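Just follow the structure's listing: the first ligand is 1, and inside any ligand the first atom is 1. Predicted model only: the values in this text are computed from it and were never measured. Numbering starts at 1 and runs along the sequence shown.
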Amino acid sequence: MARKKISLIGGGQIGGVLAQLCALRELGDVVLFDIVEGLPQGKMLDIAEVGPVDRYDVNLKGTNSYEDIKGSDVVIVTAGLPRKPGMSRDDLIEVNSKIMTSVAEGIKAYAPNSIIIVISNPLDAMVTLCQKITGFPYHRVIGQAGVLDSARFASFIAWELGVSVKDVTAMTLGGHGDDMVPLVRYASVNGIPVTELLEQKYGAEKGKEVMEAMVKRTRGAGGEVVALLKTGSAFYSPASSAIAMAESILKDQKRVLPTCCFLQGEFGVNGFYVGVPAVLGEKGVENIIQFKLDAAEQAMMDKSVAAVKELVGSMK
Ligand code: TXD
């Protein structure tokens, strides 16, 4: 089997961690691209020099030239500014749209057969723009938000119940904004509903309040990290989340991961990129998993989609 190639556009905080994770897992050869001269070269040299210690053997290259991304199987985009305290993700739209435009043109020209995973914020708008400019089929342009939002939700549940994070499954749907939809009804500890466990622990009413608080914290979890870091946003967790998606694609694992996908009628949404569970395999999005939302969930989904529509509509 030919070795896979992963290109990372944006060599900042997330880009660096992405490169290291690709190497540690030997996902393939890795190219790190940035417009800043020396930055991607320095990071890749740094990561390459510890191959003998971590025992990975892949080719790692830092570059300022799009030519080097030729032949990429997967391209992950983090180019763009991160938030500062007090900023919403949507405040980044103007500057990051310009960056995304140039990035998408570069990918279109040099890696026309790749599958793109966008991480840059505001996520739902940046994925939309990236697909428009590349003109790639929808199943080959997706966004990472839901794996991380879901992991945050699952972490809070595990910490609250005093159980291993490994045994909690939880998922969020919708846009990557403050209106995202953490799915309370399907959150479980090895299949046992979290709502039931909270009720046992606290009684019905307080149990609901505790869940509400976790939902709220999940929605604001990105901002919580920004407020602590002060100089940027989360980077370890978005990197790991995108790697889970990339790995499923590169190894054709067909994992079901919450993914920002272009919807054509699914969940009542038509013509917009929104987070939903999707099967990720060698073709990109191979299937969108649909299921019935109850009235309250659908109402939250509609609100989240309305926010995505407004955001996308605000792009010039
Ligand atoms: O889950 C998610 N989707 C996210 C998204 C979670 C957290 C942060 N998320 C967003 O990712 C964040 O709001 C930003 O928009 C991106 C990247 O975050 P990161 O923390 O990695 O930002 P950095 O460290 O500022 O890195 C951005 C790099 C930096 O090195 C710039 O020089 C580079 O982007 N950059 C460019 N690269 C290529 N091409 C162009 N035009 C360009 N402009 C800047």
J.: Quick one, Tyr66 and Ile9 - any side-chain contact, counting heavy atoms below 4.5 Å?
T.: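 Counting from C-beta outward, Tyr66 and Ile9 do come under 4.5 Å.
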
J.: Considering only heavy atoms from C-beta outward, does the side chain of Lys230 approach that of Lys84 to under 4.5 Å?
T.: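 Side chain of Lys230 against side chain of Lys84, heavy atoms only: no contact under 4.5 Å found.
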
J.: Which ligand 1 atoms are under 4.0 Å away from a heavy-atom of Ala234?
T.: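 Per the distance check, 7 (C), 8 (C).
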
J.: Is there a donor-acceptor contact under 3.5 Å linking the side chains of Tyr202 and Glu160?
T.: yes

J.: Do any N/O atoms on Ser120 end up under 3.5 angstrom from N/O atoms on ligand 1?
T.: no

J.: Tell me whether Val118 shares a hydrophobic cluster with Val312, the cluster being built from Ile, Leu, Val, Met, Phe, Trp, Tyr side chains joined at under 4.5 Å.
T.: yes

J.: If you count every heavy atom of other residues, nucleotides or ligands that lies below 6.0 Å from Lys201 atom NZ, does the total exceed 12?
T.: yes

J.: Which ligand 1 atoms does Val36 reach within 4.0 Å, using its non-hydrogen atoms?
T.: 32 (O)

J.: N/O to N/O below 3.5 Å, does that happen between Tyr66 and ligand 1?
T.: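 By distance alone, the answer is no.
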
J.: Would you say the side-chain atoms of Thr63 and Asp68 include a donor-acceptor pair closer than 3.5 Å?
T.: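 Side chains of Thr63 and Asp68: pair found under 3.5 Å.
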
J.: Does ligand 1 have an atom that lies less than 4.0 angstrom from a heavy atom of Leu39?
T.: yes

J.: Indicate whether any N or O donor in one side chain lies under 3.5 Å from an N or O acceptor in the other, for Asn64 and Gln41.
T.: yes

J.: Tell me the contacting part of Pro82 for ligand 1: side chain, backbone, both, or neither, using a 4.0 Å heavy-atom threshold, strictly below.
T.: both

J.: So for ligand 1, is Ile14 a polar contact partner (N or O within less than 3.5 Å, distance only)?
T.: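 There is such a contact, yes.
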
J.: So which heavy atom on His176 is nearest to which on Asp149, and how close?
T.: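 Scanning both residues completely, I find the closest heavy atoms to be ND1-OD2, 2.9 Å.
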
J.: Might you point out which heavy atoms bring Val165 and Ser155 nearest each other, and give the distance in Å?
T.: CG1-CA, 4.4 Å

J.: Among all the protein's non-hydrogen atoms, which is closest to atom 36 (C) of ligand 1, and how far away is it?
T.: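 For atom 36 (C) of ligand 1, the nearest protein heavy atom is Ala79 CB, 3.6 Å.
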
J.: Below 30° counts as parallel, above 60° as perpendicular, anything between as tilted: where do the rings of Tyr138 and Phe262 land?
T.: parallel

J.: Is the closest side-chain donor-acceptor distance between Asp294 and Gln298 under 3.5 Å?
T.: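 Per modelled atom types, Asp294 and Gln298 side chains form no pair under 3.5 Å.
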
J.: My understanding is that we take every heavy atom of each candidate and find the minimum distance to atom 27 (C) of ligand 1. Doing that for Gly80, Ser241, Gly10, Ser237, which one comes out nearest?
T.: Gly80

J.: For Leu92, take its heavy atoms, then give the atoms of ligand 1 lying under 4.0 Å from any of them.
T.: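 This gives 13 (O) as the contact atoms.
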
J.: Does ligand 1 have any atom sitting under 4.0 Å from a heavy atom of Ser102?
T.: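 Yes, that is the case, since the closest heavy atom of the residue is under 4.0 Å from the ligand.
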
J.: Would you please say whether a donor-acceptor pair under 3.5 Å links the side chains of Ser188 and Thr169?
T.: yes

J.: Identify, by atom number and element, the atoms of ligand 1 in contact range of Gln144, meaning under 4.0 Å from any of its heavy atoms.
T.: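 Those of ligand 1 that fall under 4.0 Å from Gln144 are 1 (O), 2 (C), 3 (N).
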
J.: Go through ligand 1 atom by atom and flag the ones less than 4.0 Å from a non-hydrogen atom of Asn96.
T.: 15 (O)

J.: Around atom 6 (C) of ligand 1, find the nearest protein heavy atom and jot down its residue, atom name and distance.
T.: Pro238 CG, 3.6 Å

J.: Counting only heavy atoms closer than 4.0 Å, does ligand 1 sit against the backbone of Leu81, its side chain, both, or neither?
T.: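 Contact part for Leu81 vs ligand 1: backbone (N, CA, C, O).
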
J.: What protein heavy atom is closest to atom 17 (C) of ligand 1, reported as residue, atom name and distance in Å?
T.: Thr78 O, 3.0 Å

J.: More than 12 heavy atoms of other residues, nucleotides or ligands under 6.0 Å from OH of Tyr186: yes or no?
T.: yes

J.: Give me the nearest non-hydrogen protein atom to atom 8 (C) of ligand 1 as residue plus atom name, then the distance to 0.1 Å.
T.: Ser233 OG, 3.4 Å

J.: Relative to the heavy atoms of Ile99, which atoms of ligand 1 are at a distance of less than 4.0 Å?
T.: 40 (C), 41 (N), 42 (C), 43 (N), 44 (C)

J.: Heavy-atom distance to atom 13 (O) of ligand 1: which of Thr231, Val77, Ile119, Asn121 wins?
T.: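 Going through Thr231, Val77, Ile119, Asn121 one by one, Asn121 has the nearest heavy atom to atom 13 (O) of ligand 1.
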
J.: What's the shortest distance from atom 26 (O) of ligand 1 to any protein heavy atom, and which residue and atom give it?
T.: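 Sorting protein heavy atoms by distance from atom 26 (O) of ligand 1 puts Gly12 CA, 3.3 Å first.
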
J.: What about Gln13: any of its N or O atoms under 3.5 Å from an N or O on ligand 1?
T.: yes

J.: Pick whichever of Asp34, Val103, Leu148 has a heavy atom sitting closest to atom 30 (O) of ligand 1.
T.: Asp34

